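Okay, so here's the structure we're looking at.
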Amino acid sequence: MSTPRPEIVVMKFGGTSVEDAVAIKRTAGIVAGRHAKGLKPVVVVSAMSKVTDQLLACSAAAYAGRGDKDVAFEISARLRSRHIETAMQMTTGDRLEGVLAVIAENFDGLDELLSGISALGELTLRTSDLVVSFGERMSSVMVAAAFAELGLDAVQFDARQCIITDNTHGKAAPNEQAIEAALEKLVLPLIEAGKIPVMGGFIGSTPEGVTTTLGRGGSDYTAALVGGGLHGGAIEIWTDVNGIMTTDPRICSDALRVKTVSFEEAAELAYFGAKVLHPATILPAVQKNIPVWVLNSRNPTNEGTKIVATPAVCRSPFKAIAAKKRLTIIDIVASRMLLAHGFLKAVFDVFDKHKCAIDMVSTSEVSISVTVDSNEALPAICAELRQIADVNYEGGKALICLVGNDIRGHAGIAAQVFTAVQHVNLRMISQGASEINMSFMIDEEDVEEAVRSLHKRFFTAPDENVFDVEARAVTVG
Ligand code: ASP
Ligand code: MG
């Protein structure tokens, strides 16, 4: 067991924090601030904003073939110029020459790959991983050079050397032990030499050196893996919002910043649609009890949200309200079998076979209802379920989820929730065994109304230890 290294702070910057020269400069300032405080930053960057999407579009166009092949090369050329322009705005002299050489080499490599995809008419997940990996490989090279130009002792480090994964391309599973060993061997010496390693998030490799990715939004995961593997003191997820909010500010203009939430609460929120954080981020950090901060790189003095193992005491039962749209409810009625022994297993096996995750489940004596993300496999899933039960499904649904550790032991909370939304038609209702969430399903068009009513009911007199009440006073007053 390795000793903690509280001075190490892993700082992850998302696509918008490195989207152009202005953003990269701001990011460098934030890192310099941490360094000046005596901390040892390790920087994890996403690809520049939208680059991953564009790389995926590239390979899709190359795969589609013929005329679309030109589209693929056009996108690639545009990406190449964007990287070159940003590098030219940020770096000079030999350093610029160095970055331009890497950009040229990488984009030539990308174009070759695109030609290959187009010629073979074949696009495997393995190849797709290689294509998208260029986003983070490029951004990390550019950002490291820009940081160096601005006076930071930064070095680019290829994340694929330490983020060791299995070979499930598109969503590879990390091997935490191998990662920890590689970090200690390759990254720790850089930190100890006073350098600031800059690595791309999202990308990894198999033990054999084949490039993989951790799944969309995976840079947060990289940050948690690096923070956990190095036994650092904190992980900072720098994004473009002021942390976790009590609800979507686009729905409720008086949504408040939540100053602190527990790991459990953050995981529920992430899962149920609060887009700030990738749920898997939580795990490698939770296990090692390392706090994760969500911070705003456009507003760096804002204190953000601190995610910790033990929840703070809070006067109100809930920390936040999340809404997840585009869900389908599947009602499975088994009158003949009365949910006989083995029935649930048979039902869940069907979802498992189609790799379809279930959000919520509710059962009665003769029926079971589940909700899933609306997806293409639904007709096939339902056809299979019909071999064992009567099945109906209905899309256009949304899940509303209220999260808070303090529902535990609070009497009458359910009554308060349902009174607040009594004018809305509720479908399935559930309270997780963790007792930190209450969820129900409604029609998509009722989401705004339900969220506003609930927010008004539960966040009108917020606990100032947990919520940023001052910000509301400023905007309202
Ligand atoms: N660039 C990757 C994506 O857009 C990973 C990330 O940004 O976290 O999904
Ligand atoms: Mg992201």
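What you are looking at is a predicted structure, and each value in this text was computed from that prediction instead of being measured. Residues: numbered from 1 along the sequence shown. Whatever order the structure lists ligands and atoms in, that order sets their numbers, starting from 1.
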Do NZ/NE/NH1/NH2 and the carboxylate oxygens of [X] and [Y] come within less than 4.0 Å?
{"X": "Asp468", "Y": "Lys259", "answer": "no"}
{"X": "Glu192", "Y": "Arg5", "answer": "no"}
{"X": "Asp158", "Y": "Arg137", "answer": "no"}
{"X": "Glu444", "Y": "Lys325", "answer": "no"}

Run through Asp240, Asn242, Asn302, Thr239 and flag the one making a side-chain hydrogen bond (donor to acceptor under 3.5 Å, both in side chains) with Asn296.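 Single side-chain hydrogen bond (donor to acceptor under 3.5 Å, both in side chains) partner of Asn296 among Asp240, Asn242, Asn302, Thr239: Asn242.
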Could you tell me if any non-hydrogen atom of Gly218 lies under 4.0 Å from any atom of ligand 1?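 A heavy atom of Gly218 does come that close to ligand 1.
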Gly135 heavy atom under 4.0 Å from ligand 1: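 No, Gly135 has no heavy atom closer than 4.0 Å to ligand 1.
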Any N or O on Gly217 sitting closer than 3.5 Å to an N or O of ligand 1?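 There is such a contact, yes.
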So if I count the atoms of ligand 1 from 1 in the order they appear, which ones are less than 4.0 Å from some heavy atom of [X]?
{"X": "Glu136", "value": "1 (N), 2 (C), 5 (C)"}
{"X": "Arg216", "value": "3 (C), 4 (O), 9 (O)"}
{"X": "Thr52", "value": "1 (N), 2 (C), 3 (C), 4 (O)"}
{"X": "Ser46", "value": "6 (C), 7 (O), 8 (O)"}

Within the distance-only criterion (no hydrogens, no angle test), does the side chain of Asn175 pair as donor or acceptor with the backbone N or O of Thr165 below 3.5 angstrom?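 Here the side-chain-to-backbone pair does not exist.
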